[in-house]
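None of these values were measured; they are calculated from a predicted model.
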Amino acid sequence: MLIRLLISCCLAGCLIPSISFAADETFNSKGVKIRYVTDGKGVPVVLIHGWMSDSSMWGADLTGNTKLKSMDGFMAIALDCRGHGKSDKPHDVAQYGTEMADDIVRLLDHLKIEKAHLVGYSSGAFIAGNVAARHPQRVLSVIYGGQAPVIAGQVKPTDFSECELFAKTVEEGKSLGSYLLAIMPAGERKMTETQADSLARMLYGRKDVKAFAAAGLTFKDLAVDIEELKKCQAPTLFIHGSKESAHVKNRVAMVHELLGRGDVRMVEGGNHMTTLMNPQFGNLVKEFLRDGKVK
């Protein structure tokens, strides 16, 4: 699942691709520097990227730098979550978990924004769900892309095994090529060890993998009580690809049923990587932000 998303970020596919100018700023989030990019004026929309990605997931120029193009009447705000991109990268696991969700609220405070729409993809959906449950008064609407909030009491031992394997591989100093081989979906053609090592160097060679590992190990700490999440009455949309993994589809269906409301839409033919790059994803997001629902 996550390797697909990583490759998509390397290809710089995004929700609203553009080469227009976007302001690039930082702020102090309880001692951790957080980088964010904004574009446009109007109703704020916070874009929360997935694990081992960064804000360029939502739009990038030809050199890979984050570039956004907001819809008319909206202000797009994309941050690099702590441990990622140009934000600070602590290695202490205590600096992650709910701190990643608190960064969203602190960013809103920094920008003097009372409420915002939240759009989270993959692990960004975990973060968005935590914000919605713990700070419902700050949420105008929430879109969960390619994942769903983590619900307390519903976490299975295998839910975050990919993150645990990555962290174990990093801790033991092994080649991350072995990690890539281990997480390749069943039935897909396997890479050779040499190919996997080469891909790992491309994906992680210049990245702070210890920070990635620390973040991934704390995603389970973003779990929220379903009754708390229900208190957030903001319009809710789940989006995933029709070829998404059974694991993600089942989690989305489970959370949607527990929540008892919200819309679920599928991007036909999309998997965890291609859904985000499909124009249908962006169209669903835009329609939802404008109308509070999708037809």
Considering residues at least two apart in sequence or located in another chain, which fulfil the side chain to side chain contact (heavy atoms under 4.5 Å, CB included) criterion with [X]?
{"X": "Asn28", "value": "none"}
{"X": "Asp263", "value": "Leu237, Arg265, Lys293, Val294"}
{"X": "Lys231", "value": "Glu228"}
{"X": "Asp92", "value": "Ala94, Gln95"}

Quiz item: Please, which pairs that meet salt bridge (Lys or Arg N to Asp or Glu O under 4.0 Å) have at least one residue in residues 201-221, sequence neighbours excluded?
Solution: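 Non-adjacent pairs meeting salt bridge (Lys or Arg N to Asp or Glu O under 4.0 Å): zero.
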Quiz item: Pairs in or reaching into residues 94-105: which pass salt bridge (Lys or Arg N to Asp or Glu O under 4.0 Å), with residues at least two apart or in two chains?
Solution: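 The answer is Lys30-Glu99, Arg82-Glu99, Arg82-Asp103, Glu99-Arg106, Asp102-Arg106, Asp102-Arg134, Asp103-Arg106.
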Quiz item: Is it the case that His49 and Ser55 place a side-chain donor and acceptor less than 3.5 Å from each other?
Solution: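 Their side chains do not contain a donor-acceptor pair, so the 3.5 Å distance test is not met.
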Mind checking what makes ring pair (Phe, Tyr, Trp, His ring centres under 6.0 Å) contact with [X], not counting sequence neighbours?
{"X": "His135", "result": "none"}
{"X": "Phe238", "result": "Tyr144, His256"}
{"X": "Phe288", "result": "none"}

Quiz item: What is the distance from atom CG of Asp80 to atom CE of Met57, rounded to the nearest 0.5 Å?
Solution: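 Here the interatomic distance stands at 11.0 Å.
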Quiz item: For Glu172, which residues count as a salt bridge (Lys or Arg N to Asp or Glu O under 4.0 Å) partner, sequence neighbours excluded?
Solution: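 If we apply the salt bridge (Lys or Arg N to Asp or Glu O under 4.0 Å) test to Glu172, skipping adjacent residues, the hits are Lys168, Lys174.
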Quiz prompt | Sequence-distant partners of Ser175, side-chain hydrogen bond (donor to acceptor under 3.5 Å, both in side chains), two or more places apart | solution =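 For Ser175, the residues satisfying side-chain hydrogen bond (donor to acceptor under 3.5 Å, both in side chains) (neighbours in sequence not counted) are Asp197.
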Quiz item: When Ile, Leu, Val, Met, Phe, Trp and Tyr are grouped by side-chain heavy atoms lying under 4.5 Å apart, directly or through other members, which residues fall in the same group as Val93?
Solution: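 Grouped by the 4.5 Å side-chain rule, Leu217 form the rest of the cluster around Val93.
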